[in-house]
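Working notes, structure below.
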Number of protein chains: 2
Amino acid sequence: MRKIYTIGKLSKNTGVTVRTLDYYDEIGLIKPSSKTSGGHRLYSEDDVMKLERVLALKYMGFSLEQIKDILENSTSNWQESIQHQLELVKREQERLKMLEQALLGVSYSIEFEGEINWPVIFSIIQLYQHDPGDVLEQYKEYLNEDEMKKIIDMNAANMSEEDIKEWLKVIGDIRNNLHLDPNSEEAEQLVLCWANQADKMFGEDEELLGSMWEALQNLQEGIAFYPMDKDVINFIKRVAIVKRESTNDS
Amino acid sequence: MRKIYTIGKLSKNTGVTVRTLDYYDEIGLIKPSSKTSGGHRLYSEDDVMKLERVLALKYMGFSLEQIKDILENSTSNWQESIQHQLELVKREQERLKMLEQALLGVSYSIEFEGEINWPVIFSIIQLYQHDPGDVLEQYKEYLNEDEMKKIIDMNAANMSEEDIKEWLKVIGDIRNNLHLDPNSEEAEQLVLCWANQADKMFGEDEELLGSMWEALQNLQEGIAFYPMDKDVINFIKRVAIVKRESTNDS
DNA sequence: CTTGAACCACACGTAACGTGTTGTTTTATA
DNA sequence: TATAAAACAACACGTTACGTGTGGTTCAAG
């Protein structure tokens, strides 16, 4: 009752294309165990089993060369191979997480600026090109471990879609009005909005806000808290100084 | 003060290989804006800017063809492209999550069976080849919405590494002793261990355990709760029946 | 024995370059 | 200014896992 399949039947049964079987034969991965006198390939059930194993390993992300190696060398260390694959998968997941964040950032940036702002995009990408832990590395002079953790958590989970949009809108408004006189009403209004939003995000943790602000001020370039760049920070600083002075005067 | 770069200088400044710039020139993505009389390529600052944009888009996961299209057609819809990329990234993340689970499953399987058990591997892969929601689809006759959710949560988070290993060990033990007489002491002991572990996992929710058990019994093939297959389930069932009868007898 | 379907073998194409070769241009040094 | 060294251009082939297409051959049904 041993079944024998022609390449076409095998293809239909497994969903693998004839060309693929052709290729596997060509690279010596799955050679049919017999042939007709005319040269047509005949696959035994053993061959079918091997094909299924190949497909399983392929699904697991191994290359055909690795699969060949694994199936031929019975001495090969399975656990090692699989742990290696797991490592790769985990790294790729990390990369994709970063990438998703970056894409979201770019999307927000376009939505709120109305056009492509390349420097911002570069900054975002630069920001996400390293590990998530490394992103805050630049602030380590100003923030302690505890504060860093809080900020990471805040970025990841605590902020809702709405919060993010609000935050971006506020900063977008500031970016569009960098030319405003720091003494003007409008400028003060903008910074007030910003301060409110910042308070909302940082909650009651005034100390954290203070440390963060100090860190931001000393930033040389790049963006800090997503779309805030040096220009925005300087604008806020200028307006704040003006306000403090006028408060002192009165 | 307009700077002009030879291909080598540009390569050093941007970290892009000469061959890559060569290729970008060849496919018309970045053509140098001038050349020396001898035919050497000279890149202007505009070219450098374009290169940086290309690199940014490449990081975002676009193909060179898409990039060409995006940069050439200023009418192109950025948001659409980025949302599309986001979709791709999310799908890929889903896939990798599944893959990670499958690899973990295979790893556990090898660890506890000591060798490669291909049917188990096939089952695992089959199990994770669909959406996570679809996995439990086959039980929908026996489980209600609520119960399904509980099980999904349990699989994902509630089980620690230790729990999983315990669970696998228990089932591995049963698999290795399927030949035991259902009346024997050893068999009873094995099933007792299994029941304890199941209780631990399902907590006090006896009802859920009941529904699940019913679902498992009616399973035709494949694996249900990771490494439990029909053989294991039948073994447990047989032992349980023997035990119940002997309890009734006494 | 014919005919249509299945099959084999071969070739070229894909994406984004890496690697290597040969011949030419530029640059630095004597 | 002559020459050697470095940089460069242009081309070709290789990579992965097949898809697509072609022409000739074999198989299975009638």
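Keep in mind it's a predicted model, so treat the numbers as computed, not measured. A, B, ... follow the sequence lines: proteins, then strands. Residue 1 opens every chain.
Phosphate proximity of C/dC8 to A/Arg41: present, with a side-chain N or O under 4.0 Å from OP1 or OP2. Close to C/dG18, at under 4.0 Å from its OP1 or OP2, lies a side-chain N or O of B/Thr20. Phosphate contact (OP1/OP2 of C/dT25, side-chain N/O of B/Thr36, threshold under 4.0 Å): absent. Contact annotation: A/Thr6 side-chain N/O to C/dC7 OP1/OP2 distance is under 4.0 Å. Put simply, A/Tyr24 has a side-chain N or O that comes within less than 4.0 Å of OP1 or OP2 on D/dC18. Distances shown here put a side-chain N or O of A/Lys58 below 4.0 Å from the OP1 or OP2 atom of D/dC18. Applying the 4.0 Å criterion to OP1 and OP2 of C/dC17, one finds that B/Thr17 has every side-chain N and O outside that range.
Counting only heavy atoms from C-beta on, B/His40 has its side chain closest to D/dC8 among D/dT16, C/dA16, D/dC8. Ranking D/dC27, D/dT16, C/dA9 by closeness to the A/Ser37 side chain, first place goes to D/dC27.
Annotation: of the two residues near DNA chain C, B/Arg19 and B/Ser63, the 5′-most nearest-nucleotide partner is B/Ser63.
We find that CG of A/Asp25 is positioned 14 Å from P of C/dC7, with the value rounded to whole Å. Computed from coordinates, the A/Leu57 CG to D/dT16 C1' distance equals 17 Å when rounded to whole Å. For A/Lys35 and C/dC7, the NZ to P distance is 14 Å, given to the nearest whole Å. Atom CZ in B/Phe62 sits about 17 Å away from atom C1' in C/dA16, given to the nearest Å. In this entry the distance linking CG of B/Leu55 with C1' of C/dA16 reads 13 Å, nearest Å. The CD1 atom of A/Ile27 sits 17 Å away from the P atom of C/dC10 (whole-angstrom rounding). In this structure, CG of A/Leu42 is placed 11 Å from C1' of D/dC27, rounded to the nearest angstrom.
A heavy-atom distance below 4.5 Å is found between the side chains of B/Ile82 and A/Ser107. No side-chain heavy atom of A/Asp47 sits under 4.5 Å from any side-chain heavy atom of A/Lys31.
Checked by atom type and distance alone, the side chain of B/Lys68 never pairs as donor or acceptor with a backbone atom of B/Ile30 at under 3.5 Å. For the pair A/Ser11 (side chain) and A/Val16 (backbone), a donor-acceptor distance under 3.5 Å is present. Between the side chain of A/Thr14 and the main chain of A/Leu10, a donor-acceptor pair closer than 3.5 Å is present.
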